[in-house]
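The basis for the numbers below is simple: all heavy atoms, side chains too, and nothing from hydrogens, waters or symmetry mates. Atoms within a ligand are numbered from 1 in the order they appear, just like the ligands themselves.
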Amino acid sequence: MPAPATAHDKADQIAVHPFENGFGCELAGLDLSQPLTQARFETWHDAFERYSVVVIRGQHFSVAQHVAFSEWFGKLEQYEDPKDQAEGFNTIIRVSNIDKYTNAIKSLDDIGHKSFTLGTSDWHTDSSFRRIPSKASLLFAREVTPEGGDTAFASTSMAWEALPEDMQQRIEHLTVVHDFEETRRRFGLPPRPPEIRAKLPPVTHPLVTNLPDGRRALLIGMHAVRVEDMEPDASRAILDELKAFATQQQFVYRHKWRVGDLVMWDNRCTMHRAMPYALERDRRLLHRTTVAGEAAA
Ligand SMILES: [Fe+2]
């Protein structure tokens with residue numbers, strides 16, 4: 001006969017509530033101010049692999065704890081610029097319209113802020129401009145806006161599966177150039193200095209990637225510049241067509257932020273975008289860790 005449940009066992013009882021269309025889920029019963037256990041991690045990780053977006057609400061934890069539980073999922077990407085980091089951690093990036101040093105709302109004349117805002121307001125996959133795109137992002141809301149500022153997620157694996165077979169065949173062997181400079185180019189902003197650009201040169205990835213569980217997904221979005229070996233107009237047309245297809249309502253989950261929400265998503269099979277908000281009026285501060293990935297297969 002099994003032993004009666006102890007308080008500790010009870011703490012490991014996490015409920016997984018999938019969203020309606022099978023894309024995304026909410027985890028209940030997890031307190032991230034407590035150290036993660038193997039059992040809790042496995043439940044969380046399984047939900048992440050299965051539903052691509054995991055929402056955990058009502059959390060209170062420190063920056064150090066955010067880093068600690070993120071590291072269970074793998075090595076974290078690092079951010080070199082101190083103004084982007086939180087509390088000295090180079091593995092946390094501030095996603096915010098608030099200046100770290102003055103605590104005031106940033107001016108849109110700040111080119112870096114403008115580029116980040118424009119780039120993240122359109123559909124993208126975090127770090128797709130890196131040689132090895134990231135695996136996952138864990139974004140935590142510390143200050144939210146009274147209106148706007150939702151994050152919308154699109155499943156590029158569900159989109160791939162729903163594509164007509166002739167389209168799948170047409171695109172499955174294509175490769176795409178991704179470049180961090182694309183946002184600045186597209187919006188007519190000045191390029192970053194050459195020595196900075198040299199650290200993140202354009203990279204090439206397959207348009208259709210393979211996930212470890214056999215699913216396939218589209219790797220597209222804002223940082224995707226062009227399809228290799230294709231005329232610019234045809235290349236733009238196909239990237240735009242795929243983006244429009246993948247962001248249809250049936251593939252999208254839109255998250256309305258509350259303070260204390262942690263949202264984790266799978267960068268290998270999703271895109272996301274930040275919805276508009278009053279950038280020069282309302283404060284918004286989120287902290288993100290990013291789990292490094294393996295080369296796109
Ligand atoms: Fe992003």
Side-chain angles (χ1 to χ4, degrees), residues 23-24 48 52-55 66 70 73-74 76-81 83-86 90-98 106 112-145 148-157 159 176 178-184 186-187 189 200 203 205 209 217-225 239 243 246-247 251-257 261-277 279 284-293 296:
F23 175 47
F48 163 77
S52 305
V53 176
V54 177
V55 175
H66 188 169
S70 300
F73 293 91
L76 302 184
E77 291 183 1
Q78 298 187 353
Y79 302 95
E80 289 185 14
D81 193 334
K83 76 171 166 36
D84 295 331
Q85 302 167 356
N90 66 359
T91 47
I92 294 251
I93 182 169
R94 289 164 50 89
V95 176
S96 186
N97 63 339
I98 303 166
K106 291 179 193 173
H113 176 47
K114 194 170 182 179
S115 164
F116 186 86
T117 303
L118 289 169
T120 56
S121 67
D122 198 357
W123 292 102
H124 66 283
T125 298
D126 290 337
S127 303
S128 76
F129 48 80
R130 291 183 191 258
R131 191 174 60 78
I132 300 179
S134 66
K135 177 179 179 182
S137 298
L138 295 97
L139 187 60
F140 181 57
R142 294 191 177 273
E143 289 189 61
V144 302
T145 53
D150 298 357
T151 303
F153 298 90
S155 171
T156 57
S157 55
V176 176
H178 293 246
D179 187 355
F180 187 65
E181 282 293 308
E182 176 63 5
T183 299
R184 288 182 178 239
R186 205 174 289 182
F187 291 101
L189 301 174
L200 278 175
V203 295
H205 297 304
T209 57
L218 301 167
L219 181 51
I220 50 178
M222 186 66 194
H223 311 302
V225 184
L239 291 174
K243 185 174 84 170
T247 55
F251 309 130
V252 169
Y253 163 67
R254 183 166 167 159
H255 186 76
K256 186 158 186 54
W257 290 98
D261 286 357
L262 177 80
V263 180
M264 178 183 191
W265 63 90
D266 191 336
N267 280 308
R268 301 167 304 178
C269 55
T270 63
M271 286 190 289
H272 60 278
R273 67 186 297 193
M275 305 308 288
Y277 66 97
L279 263 175
R284 186 176 190 262
L285 173 63
L286 301 102
H287 283 172
R288 192 183 91 200
T289 50
T290 314
V291 182

Please list, chain by chain and in numerical order, all residues satisfying side chain to side chain donor-acceptor pair (under 3.5 Å) with H272, sequence neighbours excluded.
H124, D126, W265
So, the side chain of T151 versus the backbone of A274: is there a donor-acceptor pair under 3.5 Å, distance only?
no
Have a look around the Fe ion (ligand 1) and list protein N/O/S atoms under 2.8 Å, or say none.
H124 NE2, D126 OD1, H272 NE2
Tell me the closest heavy-atom pair linking R268 and A217, and the distance in Å.
O-CB, 3.5 Å
Compare every heavy atom of L200 with every heavy atom of D179, then report the nearest pair and how far apart it is.
OD1-O, 4.3 Å
Do you know the tightest heavy-atom contact between S52 and F23?
CB-CE1, 3.7 Å
What class does the angle between the rings of W257 and H255 fall in, given that below 30° is parallel, 30 to 60° is tilted and above 60° is perpendicular?
perpendicular
